[in-house]
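Chain A is the first sequence line, chain B the second, and so forth, proteins listed ahead of strands; every chain is numbered from 1.
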Amino acid sequence: MKVTFKIWRQEHASAPGRFREYEVDGLTPDMSFLEALDFLNELLVIRGNEKVIAFEYDCREGICGQCGLFINGRAHGPHDQITTCQLHMRSFSDGDTIVVEPWRAAAFPIIKDLVVDRSALDRIVEHGGYISARTGTAPEANAILVGKEVADKAMDAAACIGCGACVATCKNASAALFTAAKINHLSNLPQGKPEADRRVLDMTRQMDLEGFGNCSFTGACEVECPAGISIVNIAEMNARGIRVMGPGTDKK
Amino acid sequence: MLDPKIPEGPLEHKWRNYQTQARLINPANKKRLKVIVVGTGLAGAGAAATLGELGYEVECFCYQDSARRAHSVAAQGGINAAKNYQHDGDSIWRMFYDTLKGGDFRSREANVYRLAELSAPLIDHFTQQGVPFAREYGGVLVNRSFGGVQVQRTFYARGQTGQQLLLAAYSQLSKMKRAGKVAVFARHEMLDLVVIDGRARGIIARDLVTGELKRFAADAVVLATGGYSRVFRLSTLAIGCNGSAIWKAHKRGAFFAAPSFTQIHPTALPQSSDAQSKLTLMSESLRNDGRIWVPTKRGDDRKPNEIPEEERDYYLERRYPSFGNLAPRDISSRAAKERIDAGHGVGPLKNAVYLDFRHAIERLGLDTIRDRYGNLFTMYKKITGVDAYTEPMLISPAAHFSMGGLWVDYELMTTIPGLYAIGECNYADHGANRLGANSLLQASIDGYFILPNTINNYLEQLLSEGEAPGVDHPEFEKAEREVAECITRLLSVDGRSTVDHFHRELGKVMWQECAMSRNRKGLESALVRIAEIRDAFWGDVRVTGTAQEMNGDLEKALRLADFLELAELMCTDALQREESCGAHFREEYQTPEGEALRRDDAFAFVSAWEYNGGSFRLYREPLHFEYVQPTVRSYK
């Protein structure tokens, strides 16, 4: 099949960027979207007059969260709840023009072409996204019982793969879904409860400091989340925050 | 020459005896010692976080954009531990025996025993860190069965145990980063090891954003860089997985053990075209209910559902009646290859076999099958567009886990003092074949429990020596210059072919001659072909862009340059080992029924290879079995 890719090219963070069009023939419907970009990059190498397109990936099986492209105006392409690596060319038609952009958010500065810097998410986790327990201090695993419903709820939140699609798709570029998933995973478990109050304060404060926008509950994020994290998590995070700070308090 | 440093005493006391006698370092002195950890998977992140907690200064590196993406993240099935929660007769001893036997008696008793011994505390540890393991309604942990053992000892978190364990390790790493004890260098790739006066003293890493080469000095270096099955190009691994760090260490003096021992997983999705980059794994659990078959007629082009029952060959059930479709990974993969090679392969490229759920659906109903495997069927449909409820899946063997790796002693130290290898990148516990759900286990135990209790035994000796050499030492300068020259050379070839072109060529040779089934003639011809591909690569590759920028093309080229050398050692090793054991099947050494023929009389040793400027020299570490009598594995 033959398609036209319209791809954002940008040399580095401070260089001006622009769209460039590439007509690509010889693709097959079985190719993954990333393989189609690999194919285009090999063409560029052979033609030799242009650098390859920088884009990110690693596991290519939907779990590492490194791939992330804005395709035809949607995070991870035309389907709900998948990663870019799980998207295949059969989702497009022969002759289509496909627009490919990087994640767009002030907190995710562009590094090159389609690659952005998502280290803001790492810094949110550094501010309490853990249980403070040293290696070697653990009690017997079954000594603390965790009901199946509680464990399942924690697991639902823990499934977040940290791709940043929620931020990219949000009109406010809010990281609320990501942050809420991290907080609720740990704070729902008995092991995570001692630090729950401090965790919600520290992590949401860091989220704001990173320049993410506020959540206005449009629900766009949960449609694109490859791990199917529900926005109920955001409400739960907010409830935790209100409980700690009291209603009506500005968390800043 | 090769001293595994096995501690004194009976098997069950060795680890305790070791810890009692190891040199200790007081907290004030730990602050003065710096450790480099390369890789942030379960082994690397676990080690870095724990060393940070102990008080060492730690610098930790990964090529990904975040430590949370290391390929441990992709493991689905679970993690084994001898907790005996199911009251089904499990014990440390039984787990030790299963692992040793699963590896076809090509690993050290003392190491394997320690793995089993530390498995139970590891589950305690991960539970404390917030891993949401599957639970019963009453709140206790659940277990399931896995690959060929008779007890239920596998713990899991849905189908993403690897991600949940890795997130726990990453969260602890984040904790220590905030505490200022661990510095994490994401988007940095190690390109060489610096050895000064025979000791590992640091690394050269490339900043993948700016392209800058940087020097990092330390008192010890820990490699936790995972497996190298991307040497086959098509594998179940992440695209960035590579063998460069351990290969550079090998060229600097670290012995490489059993490089050819590679696990081929029987149930991955088949290759569909040359453009394909990855073979997605379908969980082994599907073989609990699915039946594997091929048409009895060669080149049968009918659709699977049009082939009548009597024209189907359920070859695993035929050859291994007592294990049937649940035969171990190495056996199942080999049997599939045998049928495909004999002309019975199916699918567009005739490179697959069927995994059929028709009988299971008839027997158990659609709902039960959907309940058990729904997510896998959905994933299969997402990738192939085919509904496996009505049509059999197409599956095929794929390169998966590297049992081989840097040779390490009981302390996980390589043959270079001060250089350690942990997790998949070492050769230690799995022997010639790894059991399912033992890889997360080994990586975690190496990183959290073993290394932090052995590295002190080495570091303590450095305290009295005064200042460690800094990054301005001539050896750092030399190593950096060599890396820079290699990059310049790659960029200046300016030939006509892409990096991937050569990787595909290499992959074809390795898959054909050094995967499921090997023979002398094939391996000898592979050695010739690999040298040809390597020459062609250095003569005709085109790498675009410059060294001073983010350059994915250059990253790929650097990794492939190392694979092109490592492949040669893999074939050399497979050629030298004139026996069949575990995943290593030499066609010349098989029983009349076509089963592996192990030769304990001549090959009960670990092959450890020394790099000798372009050739390789073999050292043998004899394996002594004091507690277990090696037996013949049979699954008939």
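- B/Gln163 and B/Arg68 share a side-chain donor-acceptor pair at under 3.5 Å.
- Using a 4.5 Å cut-off between heavy atoms, A/Asp152 contacts chain B through both its backbone and its side chain.
- For B/Arg542, the parts sitting under 4.5 Å from any heavy atom of chain A are the backbone and the side chain alike.
- Looking at B/Leu167, only its side chain comes within 4.5 Å of chain A, counting heavy atoms on both sides.
- Between the side chain of A/Lys51 and the backbone N or O of B/Thr546 there is no donor-acceptor pair closer than 3.5 Å.
- Side-chain contact between A/Trp8 and A/Val100 is absent, with no heavy atoms from C-beta onward closer than 4.5 Å.
- Of the two parts of A/Lys182, only the side chain, counted from C-beta on, holds a non-hydrogen atom closer than 4.5 Å to a non-hydrogen atom of chain B.
- With a threshold of 4.5 angstrom between heavy atoms, A/Val150 does not approach chain B through any atom at all.
- Aromatic rings from A/Tyr57 and A/Phe33 are positioned such that their centres are separated by 6.0 Å or more.
- Heavy-atom pairs under 4.5 Å with chain A were tallied for B/Ile383, B/Asp553, B/Leu141, B/Asp500; the largest tally goes to B/Ile383.
- For B/Glu555 and B/Arg187, the salt-bridge test fails: no basic side-chain N is under 4.0 Å from an acidic carboxylate O.
- Only the side chain of B/Gln76 comes within contact range of chain A, judged by heavy atoms closer than 4.5 Å.
- Ranked by non-hydrogen atom pairs under 4.5 Å with chain B, the options A/Gly65, A/Ala154, A/Ala151 are led by A/Gly65.
- With chain B as the partner, the residue from A/Glu149, A/Gln66, A/Lys112 showing the most heavy-atom pairs under 4.5 Å is A/Gln66.
- Taking chain A as the reference chain and counting heavy-atom pairs below 4.5 Å, the highest number among B/Met379, B/Glu136, B/Met176, B/Glu549 is found for B/Glu549.
- Proximity to chain B (any heavy atom under 4.5 Å) is restricted, for A/Asp38, to the side chain, taken from C-beta onward.
- Between B/Arg233 and B/Asp274 there is no salt bridge, since no side-chain nitrogen of the basic residue lies less than 4.0 Å from a carboxylate oxygen of the acidic one.
- Between the side chains of A/His79 and A/Ser91, at least one donor-acceptor pair of N or O atoms lies under 3.5 Å.
- The OG atom of A/Ser32 lies 8.0 Å from the CG atom of A/Leu87; values are rounded to the nearest 0.5 Å.
- Between B/Ser174 and B/Arg178, the side chains place no donor N or O within less than 3.5 Å of an acceptor N or O (distance only, hydrogens not considered).
- Considering only heavy-atom pairs separated by less than 4.5 Å from chain B, the leading option among A/Ile53, A/Ile161, A/Asn188 is A/Ile161.
- Using modelled atom types and a 3.5 Å distance limit, the side chains of A/Gln191 and B/Gln128 yield no donor-acceptor pair.
- The greatest number of non-hydrogen atom pairs below 4.5 Å with chain B, out of A/Gly136, A/Gly128, A/Ala158, A/Pro29, is found for A/Ala158.
- A side-chain donor-acceptor contact under 3.5 Å links A/Tyr22 and A/Glu50.
- Heavy atoms of A/His185 lying under 4.5 Å from chain B belong exclusively to its side chain.
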Can B/Lys83 and A/Glu140 be said to form a salt bridge (Lys or Arg N to Asp or Glu O under 4.0 Å), step by step? CA-CA 10 Å; B/Lys83 278 284 196 186; A/Glu140 153 61 36; 2.9 Å; yes
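- Of the listed residues (A/Glu11, A/His88, A/Glu42), the one with the most heavy-atom contacts under 4.5 Å to chain B is A/Glu42.
- With no hydrogens or angles considered, a side-chain donor-acceptor pair links A/Glu35 and B/Ser277 at under 3.5 Å.
- For an aromatic pair to be called close, the ring centres must be under 6.0 Å apart, and B/Phe126 with B/Tyr448 satisfies this.
- Contacts with chain B were tallied for A/Val45, A/Asn41, A/Leu27; A/Val45 has the most, counting heavy-atom pairs under 4.5 Å.
- Contacts between A/Ala143 and chain B at a heavy-atom distance below 4.5 Å are absent for every atom of the residue.
- Both the backbone and the side chain of B/His125 come within contact range of chain A, with heavy atoms under 4.5 Å apart.
- Listed options B/Thr384, B/Ile123, B/Leu237 were ranked by heavy-atom pairs under 4.5 angstrom with chain A; first place goes to B/Thr384.
- Only the side chain of B/Lys177 comes within less than 4.5 Å of a heavy atom of chain A; its backbone N, CA, C and O stay farther away.
- Residue contact with chain B, scored on non-hydrogen atoms closer than 4.5 Å, involves the side chain of A/Met31 exclusively.
- Contact of A/Thr135 with chain B is made through backbone and side chain together, with heavy-atom distances under 4.5 Å.
- In this structure, the portions of A/Arg134 lying under 4.5 Å from any heavy atom of chain B include both its backbone and its side chain.
- Ranked by heavy-atom pairs under 4.5 Å with chain A, the first of B/Gly545, B/Gly162, B/Ala275, B/Gly240 is B/Ala275.
- Residues A/Asp156 and B/Arg158 are paired through a salt bridge, judged by an N-O separation under 4.0 Å between the basic side chain and the carboxylate.
- A/Thr137 touches chain B through backbone and side chain together, each having a heavy atom under 4.5 Å away.
- In this structure, chain B has no heavy atom under 4.5 Å from any part of A/Cys85.
- Only the side chain of B/Gln160 comes within less than 4.5 Å of a heavy atom in chain A; its backbone stays farther off.
- In this structure, A/Arg118 is not positioned above the aromatic face of A/Phe178 in the sense of NZ or CZ being under 6.0 Å from the six-membered ring centre and within 45° of the axis.
- A/His76 and A/Thr84 form a side-chain donor-acceptor contact under 3.5 Å, judged by distance and modelled atom types alone.
- Heavy atoms closer than 4.5 Å to chain A are found in both the backbone and the side chain of B/Glu53.
- Using a 4.5 Å cut-off between heavy atoms, A/Ile111 touches chain B through its side chain atoms alone.
- The residues A/Arg205 and A/Asp202 are annotated as salt-bridged, a charged nitrogen and a carboxylate oxygen being separated by less than 4.0 angstrom.
- By number of non-hydrogen pairs under 4.5 angstrom with chain A, the leading residue of B/Ala67, B/Gly552, B/Ser66 is B/Ser66.
- Heavy-atom distances place both the backbone and the side chain of B/Ser171 under 4.5 Å from chain A.
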Check step by step if salt bridge (Lys or Arg N to Asp or Glu O under 4.0 Å) holds for A/Asp80 and A/Arg74. CA-CA 9 Å; A/Asp80 297 352; A/Arg74 284 193 67 180; 2.7 Å; yes
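- Top candidate by heavy-atom pairs under 4.5 Å with chain A, chosen from B/Val209, B/Ile239, B/Val73, is B/Ile239.
- Proximity to chain B is limited to the backbone of A/Ile144, based on heavy atoms less than 4.5 angstrom apart.
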